[in-house]
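Okay, structure first, notes after.
Below, each value reflects all heavy atoms present in this structure, side chains not excepted, and no hydrogens, waters or symmetry copies. Remember, it's a predicted structure, so these values are computed and weren't measured experimentally.
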Amino acid sequence: MTADLTPGSLRTLAGREWGLDIAAARELGSNEDRNVLLALADGTHVLLKASHAGIAREELEAQDAALGHLATAGVPVPRVHRTVHGEAMVPLEGGGHARVLDFLEGEPARGSRLPAGMPAALGGTAGSVAAALASFDHPGLADGGDWDLREAPRVLEEAAPHLGETRADALGDVLREAQHQLLHVRDALRVQAIHGDLTADNVVVGPDGAVAGVIDFGDMGRGWLVAEAAVVMCGLLQHDGPAVGDALAALAAFDRAMPLTRSEIAAVWPLVVSRAVVLAAAGERVLAEDPGNDYARVRRPLEERMLERAVALGFEEAELLLLGTLGRAPACSWDGLAPMLGGLADAAPVDLSVLGDAADGGAWHEPGWPAAVLRDAAGDGVALTRHGERRLTPEAASGEVPRSVALGVDVLVPAGTDIRSPGPGYAARWSRTGLAVELESGLTVHLDRVATVIDADQEILAGTVLAKADGPFHLQVCTVPGLVPPEAVAPELAEPWLRLCPDPATLLGRVPDASSPRTSANLLDARDAAFAGVQEHYYEAPPRIERGWRHHLLDTEGRGYLDMVNNVAILGHGEPRLAEAVDRQLRRLNTNSRFHYEAVAAFSEELAARAPEGLDTVLLVNSGSEAVDLALRIVRAATGRSDILALTEAYHGWTVGADAISTSRGDNPSALATRPDWVHLLDAPNTYRGRHRGAEAGRYLDDALARLSALDEADVALAGLVAEPIFGNGGGILLPDGYLAGLAAAVRARGGLLVSDEVQVSYGRLGAHFWGCEQQGVVPDVIAVAKAMGNGHPLGAVITTREIAEAFAVEGSFFSSAGGSPVSCVVGSTVLRVLDQDGLQENARVVGALLADGMRALCGRFAALGEVHGMGLYLGLEVVAGGPDAPDPVAAREICEALLLEGVIVQPTGDHKNVLKIKPPLTIDAEAVERFLGALERVMVRREAWAAL
């Protein structure tokens with residue numbers, strides 16, 4: 001295209017040649033052509049397309065003819081407008097042609113996550129277009145262009161000089177393997193007119209969410225029919241969510257509209273990979289030739305994602321999966337088949353799922369865990385695993401979606417046991433590490449990790465000894481001969497795979513398991529029916545989390561998530577020393593603190609010894625809310641006053657007293673307007689978003705002192721001040737230096753007391769400090785603490801002086817049924833012991849610094865990440881739309897949902913619900929930090945890409 005083809009000049013051309021009354025013009029992105037959206041004076045829109053100089057007029061005429069043909073077939077496509085002289089196009093100076101088409105109203109079907117049903121809708125649309133174009137031909141149809149997947153090797157070869165040697169070699173290796181897979185079927189692939197680029201970018205969606213039209217026929221030409229399906233599928237691999245599952249849904253819908261042949265099914269995934277290579281290579285070539293092409297630049301991370309996902313699925317595995325999805329597996333029968341070995345009919349299968357007891361203590365994290373469980377279960381006898389089970393494997397800790405669904409069973413019988421053929425057939429070929437036996441019934445039996453006793457290609461009869469057991473072996477059946485299925489697959493692909501690889505129970509003399517376990521969605525429905533909805537849950541479609549280990553959470557699909565939010569589990573999840581201590585105490589005694597036993601004295605001594613100097617007396621309760629509530633009662637009793645000073649943007653708990661001083665609008669939108677008259681508020685010293693920022697942050701103390709003077713004039717006598725020493729609920733914002741000490745001194749001068757709410761920020765989480773108040777250089781009169789104390793067990797405490805505690809006696813005796821119970825006290829003591837043994841406070845300091853530095857680096861790259869708050873492993877990450885005064889809760893929620901798909905659990909907090917709270921178990925290590933930062937970076941890169949398209 002010539003440089004003088006500006007949107008303005010194209011607008012003038014459209015007005016002159018087409019007689020359009022144009023109100024406004026806006027250029028749309030494209031790799032090669034120029035697309036200008038024209039808003040007409042009557043409120044309608046049309047699209048002016050200025051083609052690349054290299055596109056012949058005959059090709060454009062073919063596109064226009066195809067549009068008419070598709071419209072006749074009922075496919076919604078744009079109409080071509082004629083000029084005032086009756087022409088369909090106008091030549092452009094310097095080459096190329098301009099055309100005006102209808103602008104189909106609707107929203108593009110793009111975005112990081114497509115709506116449910118859209119992948120199938122795209123596939124069905126592509127199939128309908130392909131079916132309609134089967135009867136279309138035109139002399140101007142392009143043949144062999146850059147987007148014709150028959151030309152993929154040439155496209156890569158021409159792009160190679162722009163890619164760098166390493167990149168060109170890597171893409172070349174991938175494409176050569178894909179082309180090799182096509183060799184045996186390419187001559188059988190149908191060739192016809194195809195759209196060539198029917199992706200989510202090239203359809204529009206109406207208000208009802210359905211596809212309302214197909215656009216952009218600039219890549220139309222002759223090509224393999226099946227390439228139309230591959231293009232749709234490849235495009236879906238760039239989106240969040242179960243991308244391969246979405247691609248399969250699209251293929252199934254395509255096949256319903258335009259049935260594919262067996263050869264075309266075999267070609268699908270090689271063509272998906274070829275398309276991904278072509279996109280990556282072409283995009284990098286465009287950028288090399290035109291560095292200012294923003295469209296090509298923002299597409300790069302999405303194209304790279306498509307390529308990564310395409311090559312992650314092996315070609316043979318993909319072909320099997322496609323057959324299963326399309327229901328094209330050959331017929332087979334179990335009739336007449338005999339058990340391959342005996343002794344297993346009544347054997348109870350071992351449980352390798354997330355719910356199995358064998359996974360306790362992190363055993364699942366060890367290599368060889370499944371085989372070890374089998375051996376333990378068998379003893380001197382037999383053992384086997386379950387078909388279709390979502391297994392827990394060491395890979396769950398990696399962050400990737402694991403291949404957790406077992407397509408076969410593992411069996412352990414005495415060494416040397418004969419394994420016999422269940423029926424007649426022949427030993428077709430060696431499988432992964434063993435033997436594949438194709439039976440006359442249509443089933444193929446795969447035996448792995450056995451000592452085979454027959455040769456490949458040997459005919460066999462029912463009862464022929466195939467192999468001898470030599471430790472745990474794997475048995476799997478498949479309904480498709482000639483291809484080797486994987487032993488396990490990702491949960492999103494389980495349904496078609498389990499049809500292809502059914503339960504081999506019959507071959508073991510067992511009855512197949514017909515039970516239907518409760519799904520995550522079923523359980524969520526049950527929760528919503530019986531559990532009050534006000535008790536919210538994380539995420540729109542939450543995974544079912546049933547196990548934890550250190551800083552990992554594990555769902556029932558066998559996937560692991562990096563836990564970045566559970567500040568309660570300070571020691572990490574599944575801590576065996578804590579479990580053993582609780583088990584031992586529960587087997588002895590659990591009662592209440594009115595009885596006399598050692599644990600309550602020991603734990604109280606340990607806790608008092610950790611407290612700041614002068615705080616030597618402990619009261620035990622069940623939770624943080626109760627601790628804050630009790631602290632309020634204590635300061636009121638000790639001072640004989642009722643009024644309390646508190647800060648806005650804070651959350652202190654759910655009891656009547658704790659809720660009264662809670663002002664976080666994120667938890668209660670009407671909080672500021674509904675406080676009782678005995679609560680007096682100070683503006684939160686929010687140094688990021690508040691009234692005073694940066695060097696002016698010291699003025700918050702001046703404002704607070706002025707507020708105290710106003711309360712003096714109103715004859716308000718304060719019982720005390722309740723404050724978080726760090727704004728926990730606000731995302732970990734540090735108070736201005738000297739703020740709490742100065743305010744505490746002023747309150748004490750008036751006869752009040754300082755209560756430090758340490759529920760979230762104590763127990764070494766800050767790294768440099770055990771207590772949050774230490775960061776502010778102040779010793780409170782009362783500390784309220786919970787959460788980390790019990791590592792998830794309900795345990796809280798108030799720590800104060802003997803004098804203040806005894807003053808509380810004016811209200812009578814105090815008692816908490818579970819507070820101070822033997823079990824609770826043993827939990828508390830064990831938490832402190834493990835905290836020291838494992839050096840978790842120092843870990844919070846070191847790893848927290850790595851985490852904060854990494855997030856600050858990302859803030860420098862992504863405008864939506866505004867600031868990092870906090871210290872140690874209590875951090876907050878602001879998500880904004882332009883700066884501190886534009887908090888972005890929608891983006892924060894979307895980022896959290898996207899991180900979940902990356903295997904990371906994070907949630908928003910703060911008054912605006914826009915701060916990502918980063919407060920993981922203190923076991924988190926440098927490897928986990930790298931994983932989190934990498935996931936966040938990928939999410940932000942893709943967000944920027946989608947926003948720019």
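Every residue meeting the side chain to side chain contact (heavy atoms under 4.5 Å, CB included) condition with Ala253, not counting sequence neighbours, appears here in chain and number order: Ala120, Arg256. For Arg82, there are no salt bridge (Lys or Arg N to Asp or Glu O under 4.0 Å) partners at least two apart in sequence or on another chain. Residues satisfying the ring-ring contact (aromatic ring centres under 6.0 Å, His included) criterion with Phe315, sequence neighbours excluded, are absent altogether. In terms of the side chain to side chain contact (heavy atoms under 4.5 Å, CB included) criterion, residue partners of Ala329 (sequence neighbours excluded) are, by chain and number, Thr479, Val480, Leu500. Among residues two or more places apart in sequence or in another chain, the salt bridge (Lys or Arg N to Asp or Glu O under 4.0 Å) test is passed with Glu540 by none. Glu228 meets the salt bridge (Lys or Arg N to Asp or Glu O under 4.0 Å) test with no other residue; sequence neighbours excluded. With sequence neighbours excluded, the residues forming a side chain to side chain contact (heavy atoms under 4.5 Å, CB included) with Glu316 are Arg429, Leu483, Val484, listed by chain and number. Listed by chain and number, the residues in a salt bridge (Lys or Arg N to Asp or Glu O under 4.0 Å) with Arg275 are Asp197 (sequence neighbours excluded). Partners of Val941 by side chain to side chain contact (heavy atoms under 4.5 Å, CB included), not counting sequence neighbours, listed by chain and number: Pro301, Arg861, Phe862, Glu937.
Listed by first then second residue, pairs satisfying salt bridge (Lys or Arg N to Asp or Glu O under 4.0 Å) with a partner in residues 171-182 read Asp173-Arg176, not counting sequence neighbours. Identified under the side chain to side chain donor-acceptor pair (under 3.5 Å) test for residues 116-136, with sequence neighbours left out: His69-Ser135.
No donor-acceptor pair under 3.5 Å is formed between the side chain of Trp497 and the backbone N or O of Leu321. In this structure, Arg403 contributes its side chain and Ala488 its backbone to a donor-acceptor pair below 3.5 Å. No side-chain donor-acceptor contact under 3.5 Å links His195 to the backbone of Leu133. Distance alone, capped at 3.5 Å, is enough to place a donor-acceptor pair between the Asp148 side chain and the Arg150 backbone. Proximity of a side-chain donor or acceptor of Asp255 to a complementary backbone N or O of Leu260 within less than 3.5 Å is detected.
Glu303 and Arg297 are not joined by a salt bridge, as no carboxylate oxygen comes within less than 4.0 angstrom of a charged side-chain nitrogen.
Here the side chains of Leu101 and Leu67 are in contact, with some heavy-atom distance below 4.5 Å.
In the displayed structure, Glu158 atom CD is contacted under 6.0 Å by more than 12 heavy atoms of other residues, nucleotides or ligands. More than 12 heavy atoms of other residues, nucleotides or ligands lie within 6.0 Å of CZ in Arg154, so this atom counts as buried by the packing criterion.
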| said: Run the salt bridge (Lys or Arg N to Asp or Glu O under 4.0 Å) test on Glu289 and Arg285 for me, step by step, so that the C-alpha distance in whole Å, both residues' side-chain angles and the decisive distance to 0.1 Å come before the verdict. | reply: CA-CA 6 Å; Glu289 295 174 344; Arg285 177 180 179 177; 3.1 Å; yes
| message | Determine whether Leu198 and Val129 satisfy the following criterion, side-chain contact (heavy atoms from CB on, under 4.5 Å), listing intermediate values before the conclusion. | response | CA-CA 9 Å; Leu198 212 162; Val129 169; 3.7 Å; yes
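Atom-to-atom distance recorded for Ile194:CD1 and Phe217:CZ is 12.0 Å, nearest 0.5 angstrom. Here the OG-CD distance, from Ser51 to Glu59, works out to 9.0 Å after rounding to the nearest 0.5 Å.
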Check: residues 231-244 side-chain donor-acceptor pairs under 3.5 Å, at least two apart:
from	atom 1	to	atom 2	distance (Å)
Gln238	OE1	Arg299	NH1	3.1
Gln238	OE1	Arg299	NH2	3.1
Gln238	NE2	Gly235	O	2.8
His239	ND1	Gly111	O	2.7
Asp240	OD1	Arg305	NH1	2.7
Asp240	OD1	Arg305	NH2	3.1

